[in-house]
**Student:** 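I have a structure I would like to understand better, so I am pasting it below and will then ask my questions one at a time.
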Amino acid sequence: QVQLVESGGGLVQPGGSLRLSCAASGSIFSINAMGWYRQAPGKQRELVATISRGGSTNYADSVKGRFTISRDNAKNTMYLQMNSLKPEDTAVYYCMADVIVSRGRYYTDDYWGQGTQVTVSS
């Protein structure tokens, strides 16, 4: 019913920047909160940042001051601007959206993207 597609990952040197995008499509009435999560090899998936429909944001302590989450509700798209990247930021980054689905009936569910690889290395 709903598909999320991440893009923008890649290889960058420490101190560099990347901008991730997450585009949602499908039977969407509206999207409530959205968020970015990441998972490094052998580690638990962790919250990076969240943003409400109205634009209120929360960040993990490890990325505060370096990452900025934003969204364009008209495009059902979310972004993560990552600056001053560190090797410990290396992970697969996943997009999540809390979606009000309109498909015969209305209901709310969480959807996940397939992930995009971010590698920070010199």
Side-chain angles (χ1 to χ4, degrees):
Q1 289 76 25
V2 177
Q3 182 176 358
L4 274 57
V5 179
E6 302 100 332
S7 61
L11 175 64
V12 65
Q13 294 185 346
S17 298
L18 284 174
R19 178 176 161 92
L20 305 183
S21 298
C22 170
S25 61
S27 303
I28 299 171
F29 177 76
S30 66
I31 302 176
N32 297 317
M34 302 183 75
W36 288 99
Y37 294 73
R38 67 187 182 187
Q39 187 167 22
K43 296 185 178 180
Q44 297 278 336
R45 185 172 299 187
E46 65 177 350
L47 176 68
V48 176
T50 62
I51 183 167
S52 71
R53 181 171 180 82
S56 298
T57 60
N58 286 283
Y59 297 90
D61 288 341
S62 59
V63 307
K64 285 182 179 177
R66 300 188 298 120
F67 291 9
T68 302
I69 188 171
S70 61
R71 63 190 288 174
D72 185 336
N73 292 335
K75 297 181 178 180
N76 286 331
T77 300
M78 176 179 64
Y79 308 94
L80 185 68
Q81 179 65 47
M82 305 185 294
N83 299 326
S84 302
L85 283 162
K86 305 174 180 179
E88 48 263 48
D89 295 318
T90 296
V92 177
Y93 283 70
Y94 296 92
C95 172
M96 188 279 292
D98 178 28
V99 180
I100 301 177
V101 181
S102 60
R103 189 175 177 85
R105 59 186 178 93
Y106 292 84
Y107 61 94
T108 303
D109 203 0
D110 291 343
Y111 292 87
W112 292 84
Q114 82 289 345
T116 184
Q117 177 71 48
V118 172
T119 302
V120 184
S121 177
S122 60

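Residue numbers run from 1 in the order of the sequence given.
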**Student:** Step through the shown structure and confirm whether more than 12 heavy atoms of other residues, nucleotides or ligands are within 6.0 Å of CZ on Arg103.
**Tutor:** no
**Student:** Is Asn73 reaching over with its side chain to a backbone N or O of Arg53, donor-acceptor style, under 3.5 angstrom?
**Tutor:** yes
**Student:** Counting N and O atoms only, with roles assigned by atom type, does the side chain of Thr116 sit under 3.5 Å from a partner on the main chain of Gly9, one being a donor and the other an acceptor?
**Tutor:** yes
**Student:** With disulfide (SG to SG under 2.5 Å) as the rule and sequence neighbours excluded, what pairs involving residues 86-122 come up?
**Tutor:** Cys22-Cys95
**Student:** Check for me, please, whether Val2 and Tyr94 land in the same ILVMFWY cluster - side-chain distances under 4.5 Å, paths through other members count.
**Tutor:** no
**Student:** If every non-hydrogen atom of Arg38 is compared with every non-hydrogen atom of Ala91, which pair is closest and at what distance?
**Tutor:** CB-CB, 3.8 Å
**Student:** Return yes if a side-chain donor-acceptor contact under 3.5 Å exists between Thr77 and Asp72, otherwise no.
**Tutor:** no
**Student:** With a 4.5 Å cut-off on side-chain heavy atoms, are Met78 and Ser21 touching?
**Tutor:** no
**Student:** Could you check if a side-chain atom of Val118 sits within less than 4.5 angstrom of a side-chain atom of Met82, using non-hydrogen atoms only?
**Tutor:** yes
**Student:** Report the distance from atom CD of Gln117 to atom CD of Glu6, rounding to the nearest 0.5 Å.
**Tutor:** 12.0 Å
**Student:** Not counting sequence neighbours, which residues clear salt bridge (charged side-chain N to carboxylate O under 4.0 Å, His left out) with Arg66? List them please.
**Tutor:** Asp89
**Student:** CG of Leu85 to OG of Ser17: how many Å apart, nearest 0.5 Å?
**Tutor:** 6.0 Å
**Student:** Which is it for Arg71 and Ile31 under the side-chain contact (heavy atoms from CB on, under 4.5 Å) test, yes or no, and what are the steps along the way?
**Tutor:** CA-CA 11 Å; Arg71 63 190 288 174; Ile31 302 176; 3.6 Å; yes
**Student:** How would you list all residue pairs meeting disulfide (SG to SG under 2.5 Å) that involve residues 34-87, not counting sequence neighbours?
**Tutor:** none
**Student:** Grab the two heavy atoms, one from Ala24 and one from Leu4, that are nearest each other, plus how far apart they are.
**Tutor:** CB-CD1, 3.9 Å
**Student:** For Tyr79 and Arg19: C-alpha separation, side-chain torsions, deciding distance, then whether side-chain contact (heavy atoms from CB on, under 4.5 Å) applies.
**Tutor:** CA-CA 7 Å; Tyr79 308 94; Arg19 178 176 161 92; 3.2 Å; yes
**Student:** Main chain of Tyr106, side chain of Ser102: is a donor-acceptor contact present, judged purely on distance under 3.5 Å?
**Tutor:** no
**Student:** To the closest 0.5 Å, what do you measure between CD1 (Ile51) and OG1 (Thr68)?
**Tutor:** 10.0 Å
**Student:** Treating Ile, Leu, Val, Met, Phe, Trp and Tyr as nodes and any side-chain heavy-atom pair under 4.5 angstrom as an edge, say whether Trp36 and Val120 lie in one connected cluster.
**Tutor:** yes
**Student:** Heavy-atom distance under 4.5 Å between the side chains of Gln1 and Ile28, does that happen here?
**Tutor:** no
**Student:** Between atom CG of Asp98 and atom CG of Asn32, what is the distance when rounded to the nearest 0.5 Å?
**Tutor:** 4.5 Å
**Student:** Tell me, yes or no, whether the heavy-atom count around Tyr107 atom OH, taken from other residues, nucleotides or ligands under 6.0 Å, exceeds 12.
**Tutor:** yes
**Student:** Looking at Tyr59 and Ile69, would you say the former's side chain and the latter's main chain have a donor-acceptor pair under 3.5 Å?
**Tutor:** yes
**Student:** Looking at every non-hydrogen atom in both residues, tell me the closest pair between Gln114 and Val5 and how far apart they are.
**Tutor:** OE1-CA, 3.7 Å
**Student:** With a 4.5 Å limit on heavy-atom distance, are the side chains of Val99 and Thr108 in contact?
**Tutor:** no
**Student:** Are any non-hydrogen side-chain atoms of Val101 and Tyr111 less than 4.5 angstrom apart?
**Tutor:** yes
**Student:** For Thr50 and Met34: C-alpha separation, side-chain torsions, deciding distance, then whether side-chain contact (heavy atoms from CB on, under 4.5 Å) applies.
**Tutor:** CA-CA 6 Å; Thr50 62; Met34 302 183 75; over 6 Å; no
**Student:** Can you give me the closest heavy-atom contact between Pro14 and Ser122, atom names plus distance?
**Tutor:** CD-N, 3.7 Å
**Student:** Is the shortest side-chain heavy-atom distance between Ser121 and Pro87 below 4.5 Å?
**Tutor:** no
**Student:** Please work out which of the three classes, parallel, tilted or perpendicular, describes the rings of Tyr93 and Phe67, given edges at 30° and 60°.
**Tutor:** tilted
